[in-house]
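Naming convention: chains lettered A, B, ... in sequence-line order (proteins, then strands); numbering from 1 in each chain. What you are looking at is a predicted structure, and each value in this text was computed from that prediction instead of being measured.
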Amino acid sequence: MAPVSAQIITIAGTIICVGLIALVFFGESLAPYGPQQMVGEILLPPSSEYLMGTDMLGRDVFSRIISGTKWSVSVSFIAVSMSMLIGTYLGAFSGYFGRSLDRILMVGMDAVYIFPSFVLAVLIAAVMGPGIGTSSLAVTIVMIPTFYRVIRSITLTIKESGFIEAERAIGASGRYIIANHIAPFYLSSLFVLISLGAAQAILITSGLGFLGLGIPPPNPEWGTDLAAGRMYIMDGMWWLTVFPGLLIFLAVLGFNLLSEGLDAVLNPQIRRL
Amino acid sequence: MALLRIQDLTTYFFMKQGTVKAVDGVDLHLNSGRVLGVAGESGSGKSTMAYSVMRLIRPPGRIVKGEILLEGRDILRLSDEQIRKDIRWQRISLIFQGAMNALNPLITVGNQIAEPIIVHEGLDKRDALEKASSLLGSVGIGPARVNNYPFELSGGMKQRIMIAMAMACNPEIIIADEPTTALDVIVAAGIMNLIKDLQTKTGLSMILITHDLSVIAQTCHDVAIMYAGKVVESGEVLSIFDSPAHPYTIELINAFPSIKGAKRELKAIKGSPPDLIDPPSGCRFHPRCRFAKEICNRKDPEFREVGTNHFAACHLL
Amino acid sequence: MVGDVATEEQIQAIRHDLGFDRPLYIQYLSYMYDLLHLNFGTSLNSRLPVIREISAAFPTTIELTIVGLIFGVAIGLPLGVLAALNREKMIDHFLRAFSLGCYSFPIYVTGILLQLAVSVRLGMLPVAGRIASTADIPKITGLYVLDSLLTLNFAVMFDALAHLVLPGMTMGIYLLPMISRISRAGMIEALTEDYIVTARAKGLAESTVVYRHALRNALLPTITVIGMNFAGLLGGSMLTETVFSLPGLGRLMYRAISSRDFSMIQGIVVVYTLIVVAVNTIIDIGYRFLDPRVKY
């Protein structure tokens, strides 16, 4: 059984992530006001009525943050899922069949991998214009190489095993072998990669939003709201930036904890560093 | 009086799976100017015993019981500071098994030899390096090699450097832990000759740990045979080889092929070394012993005198 | 470029200006020639040569990156070593949790929080910009701190440094999780090696054993990892420069991307690549000094 610390981390991470997912679906109904609803005076500090204050258009920040969960988190999920599917598929075939397909893909993937991921995301967003589709696409493209490399590496290792050769001798096709005999080995790595990917995806999505290249206003995305609140910090109105920032932090932390915990639980090592 | 006297030394390793009784009540003594060979299979506790003397045992291991008297003074009772400053390398030094990894790859061999000299004898860096140079000469390595890094040297040369390093502060006792195990036969012979030479020249006392009985026969004055964390027989080399008392010693000697005489099949000792977490009851060797009787299962034999200066622990004697 | 409503002649004129009516292979060769001469063309935004704007912005990013690295290593390395020495104890878990926390903060959030806490609330450090007034800065290298130091203009130097603290800390916090993780792993690995036992047996003080023997070996993977992740630093600089209004490459890139200034984007991408290659080369060379086993 994994050490206690790993279990605590996994549970903590899971709680946060489950909480986030709950907010994605039920956020808007739980929020006291609508995200676009102008409820009161502008720029009010946090109070018992407006838990996180109001923004420059008089909207309740708390409601915006809660409703905003769905934007950052669901884009991340969509992007990570697509990345995982494409990256895994390509990695498996590349690793198993090798030769020219492998070589071409490796070069392509390396090129993307080496390039600073955020800059790449910004470039894609710039070319395609801001929007939810752009954010998803940018995040997807940036994360495919990671999945690709890991899956390819596992495939290469397992491919040489005896039982795989036995399957080939029976006459099983490559696709069958990959799907049924190699794929189970992907699982533990995939779990970790997905949660890590989700964390990175949230960072990129809100980063794009911060630069104005993401999900457009008036949608309550955390990064966009953070950027909008920036000009008010000189006047001491901290609640416009601190709360969105804190939520992004919490979401990323949740997924990071989850991935650390999963890694400890799923990949026990003889000598844990 | 014996220079070094180890009494009832007990070192255990407290692991999750259980407590490994690596050294379980060992009695040894080393007389001044003599070489004591310690022989036994892998896992018999030889290295652990050596590390215990230097107090290099770290958690999860711990010296649980016993005394180690250096000229009558129990060094197990000394503080960490005292051990570090007075005993380590200055009075007792160690030649490690496998010099390949025992030297820091990023520091020149000269500096590694000079380190203890600077710390213990207070010389400055230049003088220490000079001394290191001459030490290299005394082990048969060109003094210019002080500036080489370990990876630039062969296995045999590295072992010689370990020897030079062990002699750096003129210790009274050197413990050599399997100095030739990792080397090929010819290089090993050279090393053993060097060690024997240095020992006779300087008159230092040595504990030579090895599983190779032929080395013991050639180089040692006294010998102790260890099995499963205990000493089963000890005495002068000639007595042991002439009239071995303990069944294990007999098997050990028989297991070694001899160049002389008729060809015969290799006789391995049946069975395998015991699990030290849960060692056999009574005499630890009894599951593998040809002569085992019922009492051997029940009671741990006493370590008794069976001849002049010849001790063994066996119920059959 | 000419706008959405243009006559056929205007379009043709622009095409000729930009050389688009030449055969393709000539265009490609001309492009390569320009590239080798670092001629990236003219910025579509400012009508100034791209290379000039890049050179103007370059020192800022360099200063920021260096300060960021210093912060990151100065905090991250001791953290990793401390964690390794106290492995599995409370302090190790605490330090790893701290590291994870820093890792989870987006770099722009760190920057803004620092601005809020230190500049706005406490008024201790300047909020943004590189320097208070650009009046009397000697222009030797473009690195304000270095230039003012060389001309012994200490007032300006301190001002420039003050402006670098918060952005530097932001980048440092971004870097330290990676540095502390790898130095911790490196130290733990080194401490299990045989030569550490040798060092202890020689009667060396524990601090000598740890720092002279173990740490030296742990530095090797640490430096490698810094080099490998340097590209990420460039991405981080984009956001930091935006938050702190620093006129560096990151901010220039952002503006270029927003306004579709393709020549500028191209130019900066090439420069980024050159930076990453240069840094990795420096690290390679540095590695040879640290590790005598590496052959030429």
Side-chain angles (χ1 to χ4, degrees), chain B residues 47 50-51 53-60 80-109 111-121 147-152 158 161-162 165-166 168-169 171 174-175 177 182, chain C residues 77 81 83-93 182-183 185-225 283-296:
Chain B
S47 293
Y51 284 28
V53 172
M54 300 279 288
R55 284 210 4 210
L56 286 171
I57 304 285
R58 298 208 119 204
D80 284 341
E81 263 307 284
Q82 284 171 307
I83 284 276
R84 188 181 70 74
K85 280 212 193 118
D86 302 329
I87 309 288
R88 283 197 190 139
W89 230 248
Q90 281 199 292
R91 302 196 66 188
I92 311 179
S93 70
L94 199 43
I95 297 174
F96 287 88
Q97 188 177 7
M100 331 298 138
N101 298 316
L103 293 169
N104 193 328
L106 302 183
I107 304 179
T108 61
V109 297
N111 278 322
Q112 293 193 55
I113 299 178
E115 255 186 322
I117 302 178
I118 297 174
V119 167
H120 292 296
E121 301 188 0
N147 294 316
N148 279 143
Y149 288 95
F151 75 95
E152 295 174 293
K158 279 193 277 212
I161 286 171
M162 291 289 310
M165 196 160 74
C169 301
I174 293 188
I175 304 178
D177 188 3
Chain C
L77 193 62
V81 172
L85 292 175
N86 294 293
R87 189 176 163 192
E88 295 302 328
K89 291 194 213 145
M90 273 315 293
I91 188 164
D92 181 23
H93 288 127
I182 196 74
S183 58
M187 274 301 276
I188 292 180
E189 181 76 36
L191 285 170
T192 56
E193 293 284 343
D194 288 343
Y195 54 80
I196 296 293
V197 184
T198 312
R200 285 210 185 101
K202 290 200 280 199
L204 302 175
E206 191 65 16
S207 58
T208 314
V209 174
V210 165
Y211 294 114
R212 187 152 189 251
H213 286 264
L215 185 57
R216 210 181 281 205
N217 282 271
L219 280 178
L220 298 176
T222 310
I223 293 187
T224 312
V225 162
I283 288 188
D284 257 357
I285 296 177
Y287 212 82
R288 283 180 191 140
F289 280 110
L290 280 175
D291 189 351
R293 293 171 289 188
V294 173
K295 293 212 175 66
Y296 274 83

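The two residues B:Phe151 and C:Pro292 have their closest heavy-atom pair at CZ-O, 3.0 Å. Across all non-hydrogen atoms, the minimal contact from B:Asn104 to C:Arg212 is ND2-O, 4.5 Å. Of all heavy-atom pairs spanning C:Arg216 and B:Ile107, the tightest one is NH1-CG1, 4.0 Å. Closest non-hydrogen pair, C:Asn217 versus B:Pro105, comes out as OD1-CG, 3.8 Å.
For C:Lys202 (side chain) and B:Met165 (main-chain N/O), no donor-acceptor pair under 3.5 Å exists by modelled atom type.
Remark: B:Asn111 engages B:Thr108 in a side chain to side chain donor-acceptor pair (under 3.5 Å) (not counting sequence neighbours).
Contact tally against chain C (heavy-atom pairs below 4.5 Å) for B:Glu152, B:Arg88, B:Met54: the top residue is B:Arg88. Note: B:Leu103 leads B:Ile118, B:Ile92, B:Val119, B:Leu103 in heavy-atom pairs under 4.5 Å with chain C.
Using a 4.5 Å cut-off between heavy atoms, C:Leu220 contacts chain B through its side chain alone, with no backbone atom that close. At a 4.5 Å heavy-atom cutoff, C:Ala190 makes no contact with chain B through either its backbone or its side chain. Neither the backbone nor the side chain of B:Glu81 comes within contact range of chain C, judged by heavy atoms closer than 4.5 Å. In this structure, chain C has a heavy atom under 4.5 Å from the side chain of B:Arg58, while its backbone stays farther away.
Taking CE of B:Met162 as the reference point, atom OG1 of C:Thr198 lies at 5.0 Å (rounded to 0.5 Å).
The shortest distance between side-chain heavy atoms of B:Phe96 and C:Val197 falls below 4.5 Å.
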